[in-house]
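Following: one structure in structure tokens, then a few remarks.
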Number of protein chains: 2
Amino acid sequence: MNVDFAKHAQVQAKLSTEAPLDPRIQALVNEVIARVADKWTMIIIDVLAEHGALRFTQLAGKVSGISQKMLTQTLRDMEREGLVTRTVYPVVPPKVEYQLTDLGLGLGAAFCGVWIWAEQNLEGIEQARMAYDARNQAR
Amino acid sequence: MNVDFAKHAQVQAKLSTEAPLDPRIQALVNEVIARVADKWTMIIIDVLAEHGALRFTQLAGKVSGISQKMLTQTLRDMEREGLVTRTVYPVVPPKVEYQLTDLGLGLGAAFCGVWIWAEQNLEGIEQARMAYDARNQAR
DNA sequence: CGGAATCCGGTACGATACTG
DNA sequence: CAGTATCGTACCGGATTCCG
């Protein structure tokens, strides 16, 4: 009811600037978004964007709450999509470094907007959540 | 090895502009990102940003590949986070409309960058994927 | 030693059938 | 029309084991 239609129009404009509503392209982009809009992928990109090249265990330490398996899996997927490079140094103890590619950096830059949005709207989301829970508790 | 460090620095700068590396805030933002960086959430936001208010079945039609269950669940979560409003019209046949809130619109706008990135780098990702698969096939 | 592959319990997901 | 309910499946996550 309290929706800002001006901002809405702005979003529409921005979207249609680059997306001329071609269904095929739309589907492809959707697929890419679906792949990339992953919980861990985003956080890993952020960590790598902040720290540069990192080793596996360093990465595991920075990305709190992730299991080794998911970290491995996510990194593999990201490598497949060309978001990170995986460099193995044949030394003992073994050393593997992960680093963002240009593609990954670009995604990181693009995702900055969302990051900033998340920061600025932390409270709003918290409030909405509490309001929703209160509403549901009542019934 | 072919990483653009200038762009890297730019990403860092952008990130540190609004994120002064406070661990607590970082964790909260991470949590929000993790919630919001969902495959379906993003696509639904995009569809709603494009079309305005939509009914359940319309939404189901526009978001190809989603099941009723996930659509319901995702919409509920989004409502809880304050991203969409759910309006029930007490008529027969029943009618429920979903619409982005200001918060949701903001997220849509913030996500535009990622959307554009996805479009511009479709080919790059496709190439990276094929190269990776070829590499893996060889071994 | 650090990183990846393996097994297994839990949970989230998809398809179908059923209410208001 | 807009969901809930149920059930089978596939994926997620933890602990363990294996490889270089």
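It should be emphasised that the depicted structure is a prediction, and the values quoted were computed from it without experimental measurement. Chain A is the first sequence line, chain B the second, and so forth, proteins listed ahead of strands; every chain is numbered from 1.
Comparing A/Gly65 and B/Gln68 by the nucleotide of DNA chain D whose heavy atom lies nearest to each, the residue mapping closer to the 5' end is B/Gln68.
Proximity of A/Thr72 to the phosphate of C/dA4: a side-chain N or O atom is located under 4.0 Å from OP1 or OP2. Dashed line: the shortest gap from a side-chain N or O of B/Arg86 to OP1 or OP2 of D/dG3 is under 4.0 Å. A sub-4.0 Å separation between OP1 or OP2 of C/dG3 and a side-chain N or O of A/Arg55 is present. Contact annotation: A/Thr57 reaches the phosphate of C/dG3 (side-chain N/O to OP1 or OP2, under 4.0 Å). For A/Arg76 and C/dA5, the shortest distance from a side-chain N or O to OP1 or OP2 is below 4.0 Å. In this model, the phosphate group of C/dC13 is approached by a side-chain N or O of B/Gln73 to a distance below 4.0 Å at OP1 or OP2. Taking only side-chain nitrogens and oxygens, A/Tyr98 never comes nearer than 4.0 Å to OP1 or OP2 of C/dG3. At the phosphate of C/dA12, neither OP1 nor OP2 sits under 4.0 Å from any side-chain N or O atom of B/Trp40.
With contacts defined as side-chain heavy-atom distances shorter than 4.5 Å, the pair B/Leu107/A/Val114 qualifies. Side-chain contact check for A/Phe111 versus B/Ile33: some heavy-atom pair is nearer than 4.5 Å.
Each of A/Tyr132 and B/Val88 belongs to its own hydrophobic cluster when Ile, Leu, Val, Met, Phe, Trp and Tyr are linked at side-chain heavy-atom distances under 4.5 angstrom.
Atom P of nucleotide D/dG20 and atom CZ of A/Phe56 are separated by 17 Å, given to the nearest angstrom. In this structure, A/Asp77 places its CG atom 13 Å from P of C/dA4, rounding to the nearest Å. The CD atom of B/Glu97 sits 13 Å away from the C1' atom of D/dC1 (whole-angstrom rounding). Between the OH atom of A/Tyr89 and the P atom of C/dG3 there is a distance of 12 Å, given to the nearest Å. The CD1 atom of B/Ile66 sits 11 Å away from the P atom of C/dA15 (whole-angstrom rounding). Rounded to whole Å, atom C1' of D/dG14 lies 13 Å from atom CE of A/Met70. Distance B/Leu71 CG to C/dA12 C1': 16 Å, rounded to the nearest Å.
The two atoms that bring B/Ile45 and B/Met78 nearest to each other are CG1-CE, 3.6 Å, heavy atoms only.
For A/Lys69, counting side-chain heavy atoms from C-beta on, the closest listed nucleotide (C/dC8, D/dG3, C/dG3) is C/dC8.
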Please walk me through it: do B/Ile44 and B/Leu71 pass side chain to side chain contact (heavy atoms under 4.5 Å, CB included)?
CA-CA 9 Å; B/Ile44 290 175; B/Leu71 183 53; 3.7 Å; yes
